[in-house]
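The structure displayed is predicted, hence computed values, not measured ones. Atoms within each ligand, like the ligands themselves, are counted from 1 in listed order.
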Amino acid sequence: MRVILSKNAGFCFGVKRAINTAEQTAAKAKGRVFTYGPIIHNPQVVEKFEKAGIHAVSNIKKTGKGDSLIIRTHGVAPEIEKEFLKKALNIVDATCPFVKKAQKLAANLKSQGYQTIIIGEAEHPEVQGILGYTGNTALVVGNAVEAGKIKKYGRLGVVVQTTQSIENFMKTVSNLMDKAPEIRVFNTICDATKRRQESVLKLADKVDIMIVVGGKNSANTKHLAELCKEKGVPTYHIEGALEIKKGWFKGKTIAGVTAGASTPDWVINIVIKTINALA
Ligand code: SF4
């Protein structure tokens, strides 16, 4: 079996930065160290952090004065950040700069009188955070069908979740075009997501099977798997090598491997070794 790793796969700049920030915080902190939600959407990294004493909390009731609380790459809404300050927590902001840009643009659009639209997954923490920057007035639309159902407005301002697929973004924007006489659109999909998607589309043309490695709750990993499936390649989204089944590779000669922006290199390497060992 020949295995080809996608040109752009695994940890992105924002995730590396968040992990370094968390490790440096833990090394210096006098109090306990928490992350607000899992630091990244990857089970292996979250487990490693738990063992190192960096705990993920979804409710700050468990934290106390002097504890450090790390805001992860997805960011948080301003009202949540105010709650952290009220508890006198040492806030360490690891929000990815690409997410910060989307938050700022959404807030500006709101203040300039545009009805803001966020293209993305309504329940995703990043989208919830951006929504907070519009005072919870933005509409979240997940796809072109949902966009087609919204009412008409005077002015619309659009941003997109940083990890959405370009294809979904373009189709959704197209269906928003007759919803207002004036529309401002900002493509806030991040560079890392764009590069991973472009590389995987090229790779999917050359292989018989695609293995996509990353957290099942990772938005960018899910989109990579969807893109491969849309290309018609048999595709499996796994979190680690233990999920690999020999039967998937029967009659196949070339396997492609890619990984989401929150998947560590060592997890990718074990997956590649496991596939090589099958042939
Ligand atoms: S996927 Fe993009 S937005 Fe998310 S952390 Fe990485 S660089 Fe930042």
Open item on the list: What protein N/O/S atoms are there under 2.8 Å from atom 8 (Fe) of ligand 1, waters excluded?
Closed with: Cys96 SG
Open item on the list: If hydrophobic clusters are built by linking Ile, Leu, Val, Met, Phe, Trp and Tyr wherever their side-chain heavy atoms come under 4.5 Å apart, do Ile183 and Val160 end up in the same one?
Closed with: yes
- [ ] Output all residues satisfying ring-ring contact (aromatic ring centres under 6.0 Å, His included) with His237, sequence neighbours left out; order by chain, then residue number.
- [x] none
Task: Glu126: which of Thr162, Thr95, Thr73 passes side chain to side chain donor-acceptor pair (under 3.5 Å) - done: Thr162
- [ ] Just jot down the ring-ring contact (aromatic ring centres under 6.0 Å, His included) partners of Tyr114, sequence neighbours excluded, or say none.
- [x] none
Task: Donor-acceptor under 3.5 Å (Asp67 side chain, Leu89 main chain) - done: no
Open item on the list: According to ring-ring contact (aromatic ring centres under 6.0 Å, His included), who are the partners of Tyr133, at least two apart in sequence or on a separate chain?
Closed with: none
